[in-house]
Amino acid sequence: MSATANVCVVIPAAGLGERLGLNQPKAFVSINNWSLLSLTIKRVLEISRVGHLIVAVPADSKAEALDHIDRAMRDADRKIAFDVVEGGETRTESVKNSLLALDQLDSLVLVHDAARPFVPKSVFENVIEKLDSGSKVVIPVIPVSDTIKTVDEKSEVLNTLDRSKLRAVQTPQGFAREVLSEIYATADLQPTTDDAGLAELAGIVVTTVEGSVESFKITTPFDLEMAQSFMNRK
Ligand code: CTP
Ligand code: MG
């Protein structure tokens with residue numbers, strides 16, 4: 001893949017944020033008056049190779065999403081082509097719907113959650129660089145610092161996993177466009193918590209690159225408090 005291949009970023013932002021419990025889609029929740037969606041798009045706009053953005057949002061939220069996209073583009077003083085699509089019941093369906101809006105020229109596609117608004121530019125660069133060098137599926141990961149055990153239905157420990165082989169997986173997850181389209185085209189699409197999971201099911205090699213602790217995912221009220229502190233840090 002040439003180093004000038006067009007990059008499209010898909011942002012699944014159609015989740016309801018039930019664990020956050022604020023009765024609004026998580027992507028529209030604000031920190032310091034900036035929605036998670038706007039913050040995320042501002043980060044995406046720092047990557048000059050990205051020329052197309054596709055955002056999946058809950059049904060009936062398209063107008064609100066347009067405001068958040070517009071605000072990010074005005075603040076970054078950079079406007080790129082974008083599409084807003086209706087998400088589905090699961091993240092997997094939201095991404096699948098998003099892929100219908102891909103442009104012929106989008107040869108690399110990065111899928112990045114709106115729930116990770118502080119992803120550093122370096123992580124996008126790591127993923128794009130690996131795709132440029134020929135990898136078809138690339139995911140950013142970080143080492144795991146907790147010891148991880150599996151438990152049974154009685155909450156009793158079954159075993160302890162070898163931590164040196166474990167990685168916590170983040171987004172953006174990057175794909176050669178034809179590979180992403182192929183893994184989402186299967187008729188009995190299984191919901192997976194990340195996109196690379198579908199590649200694994202299809203037997204496609206998934207390559208890892210360095211992620212960042214700053215790219216933490218906002219899921220719970222405590223995560224939102226941490227995000228607030230992170231944004232206000234000196
Ligand atoms: N997402 C999506 N469509 C869905 C579900 C999730 O686009 N049907 C998106 C979310 O908006 C988020 C990302 O996928 O950016 C990761 O999902 P998650 O953190 O689980 O967010 P929510 O589904 O909103 O949260 P919850 O599971 O607590 O309701
Ligand atoms: Mg969810």
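Heavy atoms only: backbone and side chains are in, while hydrogens, waters and symmetry mates are out. As the structure lists them, so they are numbered: ligands from 1, and atoms in each ligand from 1. Numbering of residues begins at 1 and proceeds along the displayed sequence.
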Would you please determine whether [X] falls within less than 4.0 Å of ligand 1 on a heavy-atom basis?
X    : result
K217 : yes
T90  : yes
G87  : no

For [X] and [Y], indicate whether the former's side chain and the latter's backbone hold a donor-acceptor pair under 3.5 Å.
X    : Y    : result
T90  : E93  : yes
R177 : D103 : yes
R19  : T219 : no
S94  : G88  : yes

For [X], atoms of ligand 1 separated by under 4.0 Å from a heavy atom:
X   : answer
E89 : 8 (N)
A13 : 7 (O), 11 (O)
L16 : 24 (O)

Full working for salt bridge (charged side-chain N to carboxylate O under 4.0 Å, His left out) between K42 and D75: CA-CA 8 Å; K42 286 204 285 179; D75 188 74; 3.3 Å; yes

Heavy-atom nearest neighbour in the protein, as seen from [atom], with distance rounded to 0.1 Å:
atom                    : result
atom 18 (P) of ligand 1 : K26 NZ, 3.6 Å
atom 8 (N) of ligand 1  : G88 O, 2.9 Å
atom 3 (N) of ligand 1  : S94 OG, 2.7 Å
atom 13 (C) of ligand 1 : D113 OD1, 3.4 Å
atom 7 (O) of ligand 1  : A14 N, 2.9 Å
atom 9 (C) of ligand 1  : P12 O, 3.5 Å
atom 26 (P) of ligand 1 : E18 N, 3.5 Å
atom 20 (O) of ligand 1 : R19 NH2, 2.9 Å

Pair listing, ring-ring contact (aromatic ring centres under 6.0 Å, His included) test, anchored in residues 41-89, at least two apart: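 Sorted pair list: F28-H68.
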
Min N/O separation G17 to ligand 1 under 3.5 Å: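 Such a contact does occur with ligand 1.
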
Within 6.0 Å of NZ in K130, more than 12 heavy atoms from elsewhere: no

Within 6.0 angstrom of E214 CD, more than 12 heavy atoms from elsewhere: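 Buried by this count: over 12 neighbours within 6.0 Å.
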
Residue from D132, V9, L110 passing side-chain contact (heavy atoms from CB on, under 4.5 Å) with R49: D132

Nearest option to atom 23 (O) of ligand 1, as decided by whichever heavy atom of P191, G21, A114, G15 sits closest: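 Answer by nearest heavy atom: G15.
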
Partners passing side chain to side chain contact (heavy atoms under 4.5 Å, CB included) against D152 (at least two apart in sequence or in another chain): K154, E156, L158

